[in-house]
There are 2 protein chains.
Amino acid sequence: MEIQEGKQKFIESWGKMASDWGINRTMAQVHALLLIAPEPLTADEVMEGLSISRGNANMNLRALMDWGLVHKQLKSGERKEYFYAEKDMWTVVRQIIVHRKKKELEPMLKVLDEVANVEPNCPESETFCNVVKDIRMLSNKANQTLDTLIKADSGWFSNIFLRMVR
Amino acid sequence: MEIQEGKQKFIESWGKMASDWGINRTMAQVHALLLIAPEPLTADEVMEGLSISRGNANMNLRALMDWGLVHKQLKSGERKEYFYAEKDMWTVVRQIIVHRKKKELEPMLKVLDEVANVEPNCPESETFCNVVKDIRMLSNKANQTLDTLIKADSGWFSNIFLRMVR
DNA sequence: TTATATTTTCAATATTTTTTGAAAACAAAA
DNA sequence: TTTTGTTTTCAAAAAATATTGAAAATATAA
């Protein structure tokens with residue numbers, strides 16, 4: 001396969017997967033483009049590479065920096081900003097977990113804690129409390145597991161996976 | 001907290017979390033409604049409970065059945081169909097993993113296998129191949145881990161979590 | 001200081017996704 | 001068979017989300 005076709009497919013597929021997961025497709029494509037770029041790129045190169053507007057490129061580059069997946073590089077003597085992606089995949093996964101856990105799992109846990117105060121004193125509230133109890137248990141376990149993963153370094157990370165698949 | 005307020009918050013929050021994860025908000029709300037219902041509900045009760053149209057209720061009930069999260073119950077002598085949610089949370093998680101793995105992870109793995117055929121013979125293709133290699137390794141491990149989880153029963157499931165948090 | 005290069009913002013526009021609701025299809029009862 | 005209750009479909013409308021592009025802001029150089 002030719003490198004150009006490979007890049008094309010990779011960027012497209014990375015974007016597709018992200019949008020399935022509720023992440024802006026273009027943000028993921030910018031990420032993919034930077035991941036496979038041997039050198040940092042300028043905003044113009046990103047615009048050109050994905051055929052997107054300056055505003056779009058800027059917004060998504062900023063979002064990727066918020067997620068800790070992309071960094072800025074300033075070259076001395078140059079006025080333009082360069083962008084490069086974090087290439088250590090363990091770090092990429094870790095950053096994604098940190099970000100999504102904070103924005104998605106934690107608010108859910110908070111609501112579960114609140115609604116756990118409902119009194120189980122009728123069929124309706126009994127069923128409700130049982131379901132909430134089970135989901136809370138599971139979510140708390142997931143939360144702990146994610147905390148462990150976040151703290152783990154690459155080696156640990158691999159080990160955990162290995163342990164899981166036995 | 002009153003049961004009605006609790007239900008309200010739970011349904012809203014379940015829907016919010018789902019839509020963060022790329023799942024239709026209403027589908028998740030229907031799921032939440034059925035999860036906390038002591039008895040199976042009819043399509044009309046779902047429409048009423050969430051203030052949605054018949055078409056919407058029907059489509060999302062069907063989608064939930066596709067995911068294996070909701071089942072139909074026919075009461076003898078009655079013409080209406082009743083719906084109830086799978087309440088074993090391990091099973092719920094397992095079904096979600098099965099479904100999303102098939103629709104999202106597997107297509108990505110396929111593309112990664114394809115693009116792994118690019119020859120690393122220039123800086124551009126070398127960087128590309130390195131990134132693809134790392135992502136493939138990671139995705140394959142994730143895939144194996146998910147297979148293990150899918151096969152695991154509740155007990156195993158708990159054990160794996162416990163092992164992970166040490 | 002002013003001129004110039006670059007980035008950021010955001011209202012307007014375009015696109016995608018979701019929802020509606022009425023008609024069609026279906027299935028049980030009369 | 002026809003009638004009646006129920007579910008399904010799907011084109012049109014609405015809502016949510018993403019994108020553009022030009023103006024404003026910022027920063028460096030002259």
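To find a chain, count down the sequence lines: A is the first, B the second, and so on, and within it residues start at 1. Computed from a predicted model, the values in this text were never measured in an experiment. Worth knowing before you read on, the calculation uses all heavy atoms, side chains too, and leaves out hydrogens, waters and symmetry mates.
Within the 4.5 Å cutoff, no side-chain heavy atoms of V92(B) are placed close to those of K87(B). Contact of the V98(B) side chain with the W67(B) side chain is not registered, since no non-hydrogen atoms from C-beta on lie closer than 4.5 Å. Side chains of V46(B) and F83(B) form no contact here, defined as non-hydrogen atoms less than 4.5 Å apart.
Nearest heavy atoms, G68(A) versus Q95(A): CA-NE2, 3.3 Å.
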* To do: Take E114(B) and K110(B) through the test salt bridge (charged side-chain N to carboxylate O under 4.0 Å, His left out) and record every step on the way to the result.
  => CA-CA 6 Å; E114(B) 282 171 38; K110(B) 196 163 148 286; 3.6 Å; yes
* Asked: Given D147(A) and K101(A), is the salt bridge (charged side-chain N to carboxylate O under 4.0 Å, His left out) satisfied, shown in steps?
  -> CA-CA 9 Å; D147(A) 282 337; K101(A) 176 172 134 67; 3.1 Å; yes
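The interatomic distance linking K80(A) (NZ) with dT26(D) (C1') rounds to 16 Å, in whole Å. Between M47(A) atom CE and dT8(C) atom P the separation is 13 Å, expressed in whole Å. One interatomic measurement links the two molecules: CZ of R62(A) to P of dA25(D), which rounds to 16 Å at whole-angstrom precision. For Y82(A) and dT7(C), the OH to C1' distance is 15 Å, given to the nearest whole Å. Residue L74(B) contributes atom CG, which lies 15 Å from atom C1' of dG5(D) at whole-angstrom precision. To the nearest angstrom, P of dT6(D) lies 16 Å from CG of L61(B). Atom CD of Q29(B) is separated from atom C1' of dT18(C) by 12 Å (rounded to the nearest Å). If you measure from atom NZ of K72(A) to atom C1' of dT26(D), you get 11 Å, rounded to the nearest angstrom.
Residue order along DNA chain D, read from the 5' end via each residue's closest nucleotide, puts R25(A) first among G77(A) and R25(A). Each of S19(A) and F83(A) was matched to the nucleotide of DNA chain C holding its nearest heavy atom; the match closer to the 5' end belongs to F83(A).
Taking the ring axis of F128(A) as reference, the NZ or CZ atom of K7(B) does not stay both within 45° of it and closer than 6.0 Å to the ring centre.
Of the side-chain N and O atoms in T26(B), none sit less than 4.0 angstrom from OP1 or OP2 of dT18(C). Taking side-chain N and O atoms only, N24(B) has a distance below 4.0 Å to OP1 or OP2 of dT19(C). OP1 or OP2 of dT8(D) lies within a sub-4.0 Å distance of a side-chain N or O belonging to N58(B).
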* Structure fact -> Letter by letter from the 5' end, nucleotides 20-28 of chain C scores (B base, S sugar-phosphate only, - none; protein heavy atoms under 4.0 Å) BB-----BB
